[in-house]
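Worksheet for the structure shown next.
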Amino acid sequence: MPEADATRMALSGFALSLVRNSQIDEDKVRQALKQAAEAKLSFISFLTQQDWVPQQELVQAISKYFALPLLDIEAFEASLVPLEMLNAPFVEKRIALPLMKRNGNLFLAVTDPTLPALNDIKFITGLNLRLIVVVAEQFNRCIETIHSAQLLSGLGDLDDEKLNELNVSAYEEEENGPEELGIDIDAAPIVRYVNKVLLDAINKGASDIHFEPYEDYYRIRFRVDGILQKIATPPARLAPFLVARIKVMSNLNTAERRVPQDGRFKLTLSRTRSVDFRVSSCPTLFGEKIVMRLLAPAQALPGIESLGMEPKQQQDFQDALEHSQGIILVSGPTGSGKTVTLYTALNILNTMEDNISTVEDPVEIPVAGINQVHVNQKTGMTFASALRSFLRQDPDVIMVGEIRDIETAEIAVKAAQTGHLVLSTVHTNSATETIMRLVNMGVEAFNIASSLILIIAQRLTRRLCEKCKQPEQLADDLLIKEGFKPEEVAAGITCYKAVGCDHCFGGYKGRIGIFEVLPISPEMIELILANVTVSKMVAQARSEGVISLRESGLQKVKRGLTSLDELNRVFRG
């Protein structure tokens, strides 16, 4: 092979096609490739700037090689331009000019179809891009015309026209700003996209939003009805922009990316509606992960009749709330709805005659008429120290976010024994296990027996969609194996299965609680004092008519509120 041919074979792509078509000599191409790399420009952008190839000839070559249509943009009908799609940063950088939208497609005028930033436009708009090649001089003149007419607006095919105007209020002040990152987090595309994610989360009823960085991609997920679902996978290079924007909204330190941070902000949707967000950032291997918790307003809390308790369970709960002293404990894993149950109780107790104080980590639902304290380890405001302070504040009702240690447990018990109603949570799997958890913490059996009124264990199960659920035929022996009583099966049980439709997610919409409600009877007190095993306590509870968590779930299955598959998912493992 001749030396010249071997050298030529080293070229590839569009550069090689220009040489083969004799539109530019090989030395010029090599010089252009080198200088373009040094200037951090694409090969086509460099040629356009240097005018080494006549512009009309260059765009024809681009059109032929990339199989893209050509357009005389000066002859294009300006009325077709989607003004709401124009965005100053993208247009000013001469990346693309939106021409029109048709059937989910966005037609863009470009001078260089190889620019990676075009993917950003697709990501932000959610539309399929249809590229049209135009001459650079015409492209620039068109931009100047638009610029002078001040027609630029935020890029993004978003339903809410006021996305740029949403009012964000942070809860804590932070001196450090985003300028240290060198990132324009106030750019309209980033602002609008983050706002769109927040609004989508609110509309879908999400409880959490996860912004997750990985080596080769970035993922955004919503937790809806307890299940995480993927919402978007924006380009990984946009991760710093999104994280910085969220940090600024929450008044977190944008320059600090090595330690976890926590913040809050309020998103005001209208004069009568706002949503609080709790924000947590955590450094990971490939960047910072952000998790937002959507905090339900107090007025959105369900009444006690909507929690999902069986009639006897609801009555036992209400009877316990009428006590003037003692402890009511709610147990269950994270995400089982304990906070909602506690706040439902507080709403019932929140009257003009009672002084109610809570200590939480963090305060999730601000409620008028209740004195709420946020745990702050740095300042020494712990559960125990707050409890001690409460006892000097003439309280009637005290709510402790969680009993985690012996110190907090002992103070809670003392408060319950001295004329105060105490509500709290413990991380255990069942009501009877909660008693053993307190014993293992070091609380004396006598103190447990003399202070406990009621223990509630709970889980949340997804509710079947009423519009698409379908009956499911299951064998009698399978139903008995799942836990139904033979007499129930003999009487006939209709189970339903999830199907899925436009009104739900995977056949489910919303969640409902399943409960084990254990009143502390005189017989149970004797067992606590005797320090018996959990199995004996369970046997006593069953003899008193207390139904287990699974039995409570089976009742929901029997009434067509949830499915056996969902119930088994909840109790898996």
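Owing to the predicted nature of the structure, the values given are computational and were not obtained by experimental measurement.
Taking CG of Leu267 as the reference point, atom CE of Met249 lies at 6.0 Å (rounded to 0.5 Å). Distance check, rounded to the nearest 0.5 Å: NZ of Lys338 to NE2 of His427 gives 4.5 Å. The CD atom of Gln458 sits 7.0 Å away from the CE atom of Met309 when rounded to the nearest 0.5 Å. Atom CE of residue Met537 and atom CD1 of residue Ile528 lie 5.5 Å apart, to the nearest 0.5 angstrom. Summarising the geometry, atom CZ belonging to Phe515 is positioned 8.0 Å from atom CZ belonging to Phe317; distances are rounded to the nearest 0.5 Å. Summarising the geometry, atom OG1 belonging to Thr533 is positioned 8.0 Å from atom CE belonging to Met436; distances are rounded to the nearest 0.5 Å.
The main-chain N or O of Ile231 is never found under 3.5 Å from a side-chain atom of Gln229 such that the two would form a donor-acceptor pair. Under the 3.5 Å distance criterion, the side-chain polar atoms of Thr461 are left unmatched by any main-chain donor or acceptor of Leu567. Formation of a donor-acceptor pair under 3.5 Å by the Glu516 side chain with backbone atoms of Ser430 is not found in this model. Within the 3.5 Å criterion, the main-chain N or O of Gly380 finds a donor-acceptor partner in the side chain of Ser385. Distance alone, capped at 3.5 Å, is enough to place a donor-acceptor pair between the Lys556 side chain and the Gly308 backbone. Looking at Glu566, its side chain does come within 3.5 Å of a backbone N or O of Arg462 through a donor-acceptor pair. A distance-only check finds a donor-acceptor pair linking the side chain of Asp225 to the backbone of Gly510 [under 3.5 Å]. Using modelled atom types, one side-chain atom of His420 and one backbone atom of Ala415 make a donor-acceptor pair closer than 3.5 Å. The main-chain N or O of Lys289 is never found under 3.5 Å from a side-chain atom of Thr284 such that the two would form a donor-acceptor pair.
Relative orientation of the Phe211 and Tyr218 rings is tilted, given thresholds of 30° and 60° on the angle between their planes.
Ring centroid separation for the pair Tyr214 and Phe286 does not come in under the 6.0 Å cut-off.
Considering Ile327, Val330, Thr341, Leu349 as possible partners of Leu423, the one that fulfils the side chain to side chain contact (heavy atoms under 4.5 Å, CB included) test is Leu349.
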